[in-house]
Number of protein chains: 2
Amino acid sequence: MAVTDEAIEKIKGMIVSGALRPGERLPKESELASELGLSRNSLREAVRALSLIRILDVRQGDGTYVTSLDPQLLLEALSFVVDFHRDDTVLEFLAVRRILEPAATAMAASRISEQQLDALGAQLDKLGANPSVEELVASDLDFHRGIVQSSGNSVLCSLLDGLSGPTTRARIWRGLTQEDAVSRTLHEHRAILAALRDRDGEAARSWATVHIASVEQWLRSTL
Amino acid sequence: MAVTDEAIEKIKGMIVSGALRPGERLPKESELASELGLSRNSLREAVRALSLIRILDVRQGDGTYVTSLDPQLLLEALSFVVDFHRDDTVLEFLAVRRILEPAATAMAASRISEQQLDALGAQLDKLGANPSVEELVASDLDFHRGIVQSSGNSVLCSLLDGLSGPTTRARIWRGLTQEDAVSRTLHEHRAILAALRDRDGEAARSWATVHIASVEQWLRSTL
DNA sequence: TGCGCTGAGACGTCGGATGTCTCAGCTCAT
DNA sequence: ATGAGCTGAGACATCCGACGTCTCAGCGCA
């Protein structure tokens with residue numbers, strides 16, 4: 001195995017074993033390199049790789065730190081990976097989302113706060129009846145994120161965030177400008193919100209399913 | 001932005017835009033470095049990072065290639081990330097799995113082949129009534145993987161694979177040697193298989209839910 | 001007391017040298 | 001003619017040392 005890969009494993013081991021705690025600072029590159037028995041260049045490759053997936057946080061002029069290791073942070077790397085997929089697998093991602101999002105919405109029904117409900121309502125009101133596509137996409141993203149956050153499961157939240165990342169979402173919405181898609185989306189959002197207000201988990205789940213299924217159907221027909 | 005990060009973005013762009021196709025070979029390091037306007041050392045950091053998340057495949061003495069970009073391959077990186085999470089977030093991962101796995105099992109009910117059903121049955125038979133913990137863990141992993149593969153959604157499959165990776169799973173099962181957990185697990189597996197044979201998606205979903213919920217409950221009580 | 005400067009320390013980048021590995025193509029015996 | 005085995009070119013692996021840039025703490029001055 002290459003020394004760099006060994007270094008990655010060793011650093012991973014130090015973190016998993018607890019020798020390096022979240023937020024803690026690593027020895028400086030030259031020291032860590034000699035500790036692990038490799039050159040600074042090779043060590044840097046390992047550090048760079050771990051920093052891409054948000055395990056390490058490198059600050060020039062300061063030092064290298066272990067991140068908080070929040071699920072939110074780590075799963076952020078997922079969206080990077082998702083970006084590489086082309087349209088042919090988008091349907092599969094969407095299918096997964098169709099499983100997760102309704103479940104998350106249902107979970108949120110019993111936990112979401114009044115303030116959060118009000119905030120979501122205000123957001124929908126602000127959008128108006130004839131938003132631009134860009135506004136709608138941004139609003140859609142915020143709306144669902146807001147709900148999923150209230151599910152109380154940060155892993156679930158990050159996962160959905162990654163799955164329905166800007167790229168995927170934007171690609172789906174593009175070309176959807178015509179039709180009654182906009183008004184239907186707005187209507188579905190209001191229905192979801194109403195179900196949440198009623199604390200009706202099953203209704204919320206159903207509306208969320210319908211909401212995503214309609215996108216899925218449209219996408220399937222155009223592909 | 002650091003030159004290495006720029007390089008990562010540029011390589012990513014080349015792949016996403018289609019300039020570099022899956023399986024294709026990259027220019028040699030020195031050429032690519034000068035193309036992108038940075039040193040070979042810095043470029044190597046970028047390449048190493050992309051290779052950690054399975055975007056690139058570096059073969060010494062040969063060259064650097066774009067991987068197949070299969071969802072399966074890319075989401076493999078997920079398990080690497082999951083490894084970093086400690087017990088306090090395992091419950092959240094498990095909750096997500098409790099959402100996905102029953103859905104996948106239900107999907108499989110209508111698609112799984114007779115051969116696959118037979119193979120799963122044979123696997124359970126081979127295990128016997130008193131397997132060791134290690135055998136049970138391996139069997140459990142295989143059993144669920146086999147079913148989820150029959151869901152026909154490779155993203156879903158890889159995602160579940162990552163979520164219930166060896167580490168998490170092993171950690172959960174450790175200490176579960178006593179009790180009636182083993183026999184109950186075997187019984188639940190048989191029930192899931194029977195539901196699949198009946199092509200009864202809802203029964204399969206329910207058994208899968210029960211199966212995971214029991215692990216979740218046990219874990220919650222010991223944490 | 002507070003602002004601003006300054007220097008030590010840490011990461012960022014580079015160029016070059018050398019080792020190791022892979023693969024294609026050649027040689028040669030069968 | 002064919003196959004094994006050798007060999008050399010090419011590509012990645014690793015290291016070294018040097019210099020640039022940035023951050024932050026601490027000093028000095030108003």
Side-chain angles (χ1 to χ4, degrees), chain A residues 1-15 19-69 73 76-77 80, chain B residues 1-15 19-69 73 76-77 80:
Chain A
M1 189 193 283
V3 293
T4 301
D5 293 312
E6 280 181 37
I8 291 177
E9 287 302 319
K10 284 178 183 170
I11 296 174
K12 175 181 177 180
M14 286 193 282
I15 296 174
L20 277 176
R21 299 163 154 280
E24 198 169 332
R25 178 179 173 158
L26 273 69
K28 67 178 173 191
E29 290 182 344
S30 57
E31 278 181 21
L32 188 55
S34 69
E35 268 182 43
L36 300 182
L38 43 72
S39 75
R40 190 177 153 228
N41 268 334
S42 299
L43 172 69
R44 277 182 59 78
E45 289 182 20
V47 169
R48 172 71 64 175
L50 289 173
S51 114
L52 178 67
I53 58 174
R54 306 285 204 277
I55 301 295
L56 298 180
D57 180 23
V58 183
R59 306 177 205 160
Q60 179 179 170
D62 184 0
T64 302
Y65 299 80
V66 180
T67 66
S68 62
L69 295 181
L73 205 57
E76 213 174 87
F80 187 90
Chain B
M1 188 192 282
V3 292
T4 301
D5 293 312
E6 280 179 36
I8 291 176
E9 287 302 320
K10 283 179 184 169
I11 296 174
K12 175 180 176 180
M14 286 192 279
I15 295 175
L20 277 176
R21 298 162 154 280
E24 197 168 334
R25 179 180 175 157
L26 274 70
K28 67 178 174 189
E29 291 182 344
S30 57
E31 278 180 20
L32 188 55
S34 69
E35 268 181 41
L36 301 182
L38 45 75
S39 76
R40 192 174 152 239
N41 269 333
S42 300
L43 173 67
R44 277 182 59 78
E45 289 183 19
V47 170
R48 173 70 64 173
L50 289 172
S51 113
L52 178 67
I53 58 175
R54 305 286 204 279
I55 302 295
L56 298 181
D57 179 22
V58 183
R59 304 177 205 161
Q60 180 180 168
D62 184 1
T64 302
Y65 299 80
V66 179
T67 66
S68 63
L69 296 181
L73 203 59
E76 214 174 86
F80 186 90

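Worth knowing before you read on, the calculation uses all heavy atoms, side chains too, and leaves out hydrogens, waters and symmetry mates. Here the structure is a predicted model, which is why all the values come from computation and not from measurement. Per chain, numbering begins at 1; letters A, B, ... match sequence-line order.
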Atom of B:L69, atom of B:P22 and distance for their closest heavy-atom approach: CD1-CG, 3.9 Å
Sugar-phosphate only, base, or nothing, as touched by B:N41 at under 4.0 Å among non-hydrogen atoms: base
Evaluation steps, side-chain contact (heavy atoms from CB on, under 4.5 Å), between B:L52 and A:L52: CA-CA 9 Å; B:L52 178 67; A:L52 178 67; over 6 Å; no
Span of DNA chain D in contact with chain B (heavy atoms, under 4.0 Å): D:dG10 to D:dC16
B:S42 side, atom OG; A:E45 side, atom CD - distance, nearest 0.5 Å: 10.0 Å
Sugar-phosphate only, base, or nothing, as touched by A:R40 at under 4.0 Å among non-hydrogen atoms: base
Contact residues, residues 44-51 of chain A to DNA chain C [heavy atom, < 4.0 Å]: A:R44, A:R48
With sequence neighbours excluded, residues passing salt bridge (charged side-chain N to carboxylate O under 4.0 Å, His left out) with B:E29: B:R40, B:R44
Sub-4.0 Å heavy-atom contacts from residues 3-11 of chain B onto DNA chain D, ordered by number: none
Side-chain (B:R59) to main-chain (B:Y65) donor-acceptor, under 3.5 angstrom: no
Non-hydrogen atoms of B:E31 and B:P27 that approach each other most closely: OE1-CB, 3.9 Å
Donor-acceptor contact below 3.5 Å, side chain A:S51 vs main chain A:D57: no
Check: residues 1-14 of chain A side-chain donor-acceptor pairs under 3.5 Å, at least two apart:
{"from": "A:D5", "atom 1": "OD1", "to": "B:R48", "atom 2": "NH1", "distance (Å)": "3.1"}
{"from": "A:D5", "atom 1": "OD2", "to": "B:R48", "atom 2": "NH1", "distance (Å)": "3.3"}
{"from": "A:K12", "atom 1": "NZ", "to": "B:D83", "atom 2": "OD2", "distance (Å)": "2.9"}

A:D57 CG - C:dG12 P separation (whole Å): 10 Å
Between C1' of C:dT13 and CE of B:M1, the distance in whole Å: 16 Å
Side-chain touch A:I15/A:L50, heavy atoms, less than 4.5 angstrom: no
Atom-pair distance (CG on B:D62; P on C:dA24), nearest Å: 8 Å
Contact list for DNA chain D against residues 22-39 of chain B - heavy-atom distance below 4.0 Å: B:R25, B:K28, B:E29
B:T64 (side chain) donor-acceptor with B:L26 (main chain) under 3.5 angstrom: no
Spacing of CG belonging to B:L73 relative to CD1 belonging to B:I53, to within rounding of 0.5 Å: 11.0 Å
Contact check, side chains of A:L56 and A:T67, non-hydrogen atoms, under 4.5 Å: no
Rounded distance (nearest 0.5 Å) linking atom OG of B:S68 with atom CZ of B:R54: 11.0 Å
